Each structure stands twice: as structure tokens, then as C-alpha cells.
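Before any comments, here is the structure.
We use all heavy atoms of the structure for the numbers below, so side chains are in, but hydrogens, waters and symmetry mates are not. What you see is a predicted model; the values in this text were computed from it and never measured. In what follows, chains carry the letters A, B, and so on, assigned in the order in which the sequence lines appear, proteins first and then strands, with residues in each chain numbered from 1.
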Number of protein chains: 2
Amino acid sequence: MATANAERQFRASLKDHGLRITPNRLRMFRTLAGHSEPLTSTQLAGLLADEGMNPATVYRMMQQLTQAGIVHPVMVGHEHIGYELMSPYRPHHDHFLCLSCQRTFDLDECGLDEALVKLAERNGSLVTFHHVELHGLCPECRKASAPSA
Amino acid sequence: MATANAERQFRASLKDHGLRITPNRLRMFRTLAGHSEPLTSTQLAGLLADEGMNPATVYRMMQQLTQAGIVHPVMVGHEHIGYELMSPYRPHHDHFLCLSCQRTFDLDECGLDEALVKLAERNGSLVTFHHVELHGLCPECRKASAPSA
DNA sequence: GGCCCTCCTGCGAATTTCTTGCAAGTACAC
DNA sequence: GTGTACTTGCAAGAAATTCGCAGGAGGGCC
């Protein structure tokens, strides 16, 4: 994984927002970068606690990174909010949630940019970010649930 | 507002899922139907507590209604999950979050159905629900933030 | 390279949010 | 009308999140 470059950008971004570069922040960045799925605050707190970080620090940091636009919250499943790195630290992508196995899949290409520009123009808004969440059955579960018919 | 018909559907849907029609459930339905914006669990618990409902009941009920597909959770702002009625109790719509005033607007027509069908066909998934969340500046804030240039 | 200011972090306690078990109440099928 | 199973309120409890404070560390400046 070519995270070296992303990490450089991350450092630069911290500076841009007046945030210091600390081991803890790099730890969080690497944890997020190392997971393709969004991580909930609880998961993140747990993973980073394993590395010796205090929960309070994790929560505080998440707020800062979210405000700075470095990390972005998205829905995971039916009840949780997950956090993941924003573009350009991670390419834009959307999510597909399988209602059967509860797994979240990335959709690398949503092909919605055009439609969104139109939407924005229609009512005079400026769209800077979009996230699409699809729910349904993944190929595996679809096969499993409809074996014969 | 033509909620009478929607409420009839709601009652029918409760039955379909083996849930009883109780005053509390109608109360929750009306509260959700009476708000165009999604309500967070805390807001909902607060509003219904004002009507004499117990928080525990509210949380339990939300789980049931979510599982039954009557209510659906969506992201509100950057940190919260809001609940709102699903189609057909309420027409499908998506959300636009203004990053400046933090208000949530409904997007009545997303025009994405075609694109989503294509996406689904491409990898063999079955899409039964989609939600689009746009972030940016609403027309008002856009004007306010760019007065001259 | 060293100093100093400010930000960051860990700790512990407090608060808020949400869950659970149980007994009484109520919807609704018969 | 009666009985059963689902609902609800209550109260205790668990889990998640926030807050205040004091010590530690990053990094700008000389």
C-alpha cells in the first residue's frame, strides 16, 4: 500500500489546520488507513487503546479531525456511525450494506458526479461532498437466499 | 397533511410484522410524520417523554420499527443518526446538509434510480434502498459567503 | 541547539445514553 | 367475554462519551 504519500499529505493537512504532528495522530491515521471499512468510534477507541491510547484522547482527536475535514463520518449498518479518511487521503467511494450478512462493501465508482452537479445547479446549492449508501443483498447472499427459484 | 392514509398504512404494516397497534406506536408515528427532518434518538426520546412515554420504551420501539423497515436511520449533520419514516409512509427523498448553517434539506427527487440499477447489475447485487447525502452550501449561505466575488 | 509557549495527552470522575429484568397492563384472536 | 402473548413503565445498571486538570511534548524563534 502506498500510504507513505498519503501520510505526507496527512502531515501537511494537520499543519494547515494548525494541528501538531504527534505520534498519536499518526497512529490514528495509520489505523484508519489500514482498514477499508469505516470504523466506529468505539472500534477506533478499542483499537487505539490496544496501542496505549486513552479513550478520551481518541474521542477528542476524532472531533478535531472531523472538523478539519480529514476524517469523515458515514453510516455503517443500521445503527452506527463509522469514520474514514476523506479524499485525498483516500479516494472517494461509496458504500453498499448487505442486509443479510451486514458487511459493508466499497463502491469504487459511483458515477453520480454528473447527476449531483445537476442537482446542485437546480436549486443554487454548492455541493462539495457526496456519499451514497446502498442497502440490499450482496451477490453471495443473493445466491444463497434464492437457491432454486 | 394527508397523514390519515399514511397512518392506515402504518397500522397495516405493524400487523404485517406481527406488531400490535398501540397508542405509543401511533404517537411515535405521528411525531415522526410531523417532522420533515430526521429525528435523533435523543430528540425522539425527549419529544415522546413529553407525552409521557418512557425512554426505554422509545428505544425498544425504535429498534423494532427499524427492523421492520418502517423507520430508517440516516446521518444528520456530522455526528448524529436521525430516524425517519420510510417509503411508503413517506416518499423517498435524500438529504442535503449545509456545512455552514448545519440545516438539513430534503431532496425530493434524486434521479439516481437508473444509475443505481446499473450499479447493482454490474456486480450482481440487489439494491433495495438507497440514500444520498450531499454536503455543501445551501443557496442562502452560498450567497452570504460570496457577497462580491 | 536550546528555550519557551502553547497544544496535546493521560487520568479519573462525572454525565449522558442506552439496555435489561421484571411485573402489571393491554391488544386482539377466538 | 376470556385468555394469552405482546407492551410498557419502572428502576437499576452497563456502556459510551465528555470534562477538568496537571504534566509532557511539538515546534517556532532566537
Just how far is it from atom [atom1] of [X] to atom [atom2] of [Y], taken to the nearest 0.5 Å?
X: B/Met86; Y: B/Ser13; atom1: CE; atom2: OG; result: 10.0 Å
X: B/His80; Y: B/Thr40; atom1: NE2; atom2: OG1; result: 7.0 Å
X: B/Leu134; Y: A/His130; atom1: CG; atom2: NE2; result: 8.0 Å
X: B/His72; Y: A/Met75; atom1: NE2; atom2: CE; result: 7.0 Å

Can you tell me the distance, in whole Å, between the [atom1] atom of [X] and the [atom2] atom of [N]?
X: B/Arg60; N: D/dA11; atom1: CZ; atom2: C1'; result: 12 Å
X: B/Leu14; N: D/dT8; atom1: CG; atom2: C1'; result: 15 Å
X: B/Leu26; N: C/dT26; atom1: CG; atom2: P; result: 16 Å
X: A/Gln63; N: C/dC7; atom1: CD; atom2: C1'; result: 16 Å
X: B/Met53; N: D/dT8; atom1: CE; atom2: P; result: 6 Å
X: B/Asn54; N: C/dG25; atom1: CG; atom2: P; result: 16 Å
X: B/Tyr59; N: C/dG21; atom1: OH; atom2: C1'; result: 19 Å
X: A/Met61; N: C/dT9; atom1: CE; atom2: P; result: 4 Å

It should be established whether [X] places a side-chain nitrogen or oxygen under 4.0 Å from OP1 or OP2 of nucleotide [N].
X: A/Ser41; N: D/dA16; answer: no
X: A/Gln64; N: C/dC8; answer: yes
X: A/Asn24; N: C/dG10; answer: yes
X: B/Thr22; N: C/dC28; answer: no

ask   = Of B/Pro55 and A/Thr57, whose closest DNA chain C nucleotide lies nearer the 5' terminus?
value = A/Thr57
ask   = Base, sugar-phosphate alone, or nothing: which one does A/Ala56 contact when heavy atoms must sit under 4.0 Å apart?
value = base
query = Touch check for A/Gly46, heavy atoms < 4.0 angstrom, all strands: base, sugar-phosphate only, or nothing?
reply = nothing
query = Hey, does the side-chain of A/Arg20 have a donor or acceptor N/O within less than 3.5 Å of a partner on the base of C/dT6?
reply = yes
note = Of A/Leu48, A/Val76, A/Thr31, the one forming a side-chain contact (heavy atoms from CB on, under 4.5 Å) with A/Leu39 is A/Thr31
